[in-house]
Amino acid sequence: MKRDRSTRIMAAATAAAFVVLGAEPVLAHEAHGAGGLITGFLHPLSGPDHIAAMVAVGLWGAFLGAPAIWLLPIIFPLVMAFGGALGVMGVAVPLVETGIAASAVVLGLMVALALKPPLWVAAILVGAFAIFHGHAHGTELPEFATPLAYSIGFVVATGLLHLAGIALGLLVRWPYGTVAIRTGGAVIALAGVVFLVR
Amino acid sequence: VTFRRNLLGAACAAAILLTPARAGAHEVFGLTGFPASVLHPLIIIDHALAIAALSLLAGQQPLPGMAAKLVALLLSMVLGFAALLYLPTYTGAPLLPLVAAALCGGLVAWGPALPGWACALSIGLAGFAIGLNTIPEAGILLAFLYALGGAMICAGTLLLVVGYALRALKRDWQRTGIRIVGSWIAASAMLVLALALGR
């Protein structure tokens, strides 16, 4: 019985890997062609700096526990929309790319060091970085024919990355999980340093 | 008298359902005519977003009752549709569904229980915005009935289905999930509003 289950899990994982790895050539035309839901959805997933920072938000939320674990994924999209609005309207925000890379470094360090500041500090920190991420997305928005579909796509993808981070972060319930998550935070912070230098 | 009323009602219903697709010429998911009019709000993305947001709000907020929310929605849609007939050149109208989506989505994300009038007013604003932008395919009475009737059935059904479904979600993480989806809707709407206003 146990063997059956593990075989099924392996088969599912293999199938999922094929789907994920095979997705890029299939979707490549759509993603870089007309604007739309899929283009918007793939946009945050195409930047490792975005992915690292979004997952770090979720991981950190899980470390902080309730209510931060749920509050940060609500705050982030709303503040990101504000940053996106600035980008759309052509309001310059200095050092956007540096801010995005720095978000990976800082949030990764927060996870690695298991820092637990008051909720308002965490909210302000995450909100500040959300402005950089939103601005980067927002400046690209006017290029797309269907901006609403594009916006929905990238907001949902960003939210799902947070939820992925939260799901991984739930491992903190176990001692070995805490070590794994803190190691993951350190890896994200190191990746952020690479993004900064690059 | 009752028999005559029933007969008149049946005749009207038959006229609407049996009339060829001219009144609702747009094809939606392979359907034409009145069924296409019912599905039409779902393919107009800003209308769909506004309906999703108001349905989430209806399910999340305990007050007023679901019947009152439905009445607020349907009445405001009729008002919006009537305003469309008298204010056809109002230039800000196309943005109103997005404003309503941002407002209702933002309230869902915010979370706390609202007074009943505030919830009904928000749902009413969304209904008015959708009614104001439900533009018939042709300038004939039947096309007007198709467009308004279809949009009302679509929005009303979703409000009830989503509303009652969400009421069954009692756990904290489920309630927070609703708030997260609300924040996604509000964020998407605000971005496109910024784009429209910034142009």
Side-chain angles (χ1 to χ4, degrees), chain A residues 35-37 40-41 43 58 61-62 66-91 127 130 133-135 137-163 166-167 170, chain B residues 41-53 56-57 60 94-112 126 129-130 133 169-199:
Chain A
L37 192 69
F41 189 83
H43 189 255
I69 188 171
W70 301 120
L71 203 60
L72 298 185
I74 292 172
I75 290 173
F76 195 96
L78 294 173
V79 183
M80 187 177 72
F82 174 69
L86 295 179
V88 161
M89 291 193 282
V91 178
H133 287 267
H135 194 278
H137 293 309
T139 46
E140 295 180 19
L141 191 59
E143 297 170 15
F144 293 96
T146 50
L148 183 54
Y150 176 85
S151 301
I152 292 171
F154 93 68
V155 168
V156 170
T158 301
L160 290 178
L161 285 172
H162 291 154
L163 296 183
I166 289 173
L170 292 178
Chain B
L42 299 180
I43 61 162
I44 303 174
I45 197 160
D46 51 345
H47 289 202
L49 207 61
I51 292 173
L56 286 177
L57 188 64
Q60 185 196 46
L95 293 180
L96 275 183
L98 284 176
V99 172
L103 174 71
C104 292
L107 288 173
V108 171
W110 186 35
I130 295 165
N133 286 279
L169 304 179
K170 304 283 186 200
R171 297 179 183 217
D172 281 349
W173 66 269
Q174 293 170 331
R175 308 299 294 174
T176 312
I178 296 167
R179 292 177 62 189
I180 289 175
V181 175
S183 75
W184 293 355
I185 291 174
S188 307
M190 283 194 287
L191 269 167
V192 182
L193 276 173
L195 178 62
L197 296 173
R199 270 177 179 163

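To find a chain, count down the sequence lines: A is the first, B the second, and so on, and within it residues start at 1.
- At a 4.5 Å heavy-atom cutoff, the contact between Leu98(B) and chain A is made by side-chain atoms alone.
- Shortest non-hydrogen contact noted between Ala194(B) and Ala85(A) is CB-CB, 3.4 Å.
- Proximity of Ile45(B) to Ile152(A): side-chain heavy atoms (C-beta onward) are separated by under 4.5 Å at one or more points.
- Between Leu160(A) and Trp184(B), some side-chain heavy-atom pair lies under the 4.5 Å cut-off.
- Only the side chain of Leu71(A) comes within contact range of chain B, judged by heavy atoms closer than 4.5 Å.
- Here the side chains of Leu191(B) and Phe154(A) are in contact, with some heavy-atom distance below 4.5 Å.
- For Ala187(B) against Leu78(A), the heavy-atom pair with the smallest separation is N-CD2, 4.2 Å.
- Shown here for Pro73(A) and Ser183(B), the closest heavy-atom pair between the two residues is O-OG, 4.0 Å.
- For a residue to count as touching a neighbouring chain, one of its non-hydrogen atoms must lie under 4.5 Å from one of that chain's; by this rule Phe82(A) does not touch chain B.
- For Asp172(B), no part lies under 4.5 angstrom from a heavy atom of chain A.
- There is no contact between Ile69(A) and chain B, counting heavy-atom distances below 4.5 Å.
- Among all heavy-atom pairs drawn from Ile180(B) and Leu163(A), the shortest one is CD1-CD2, 4.2 Å.
- A side-chain contact (heavy atoms from CB on, under 4.5 Å) with Val88(A) holds for exactly one of Leu193(B), Leu195(B), Leu197(B); it is Leu195(B).
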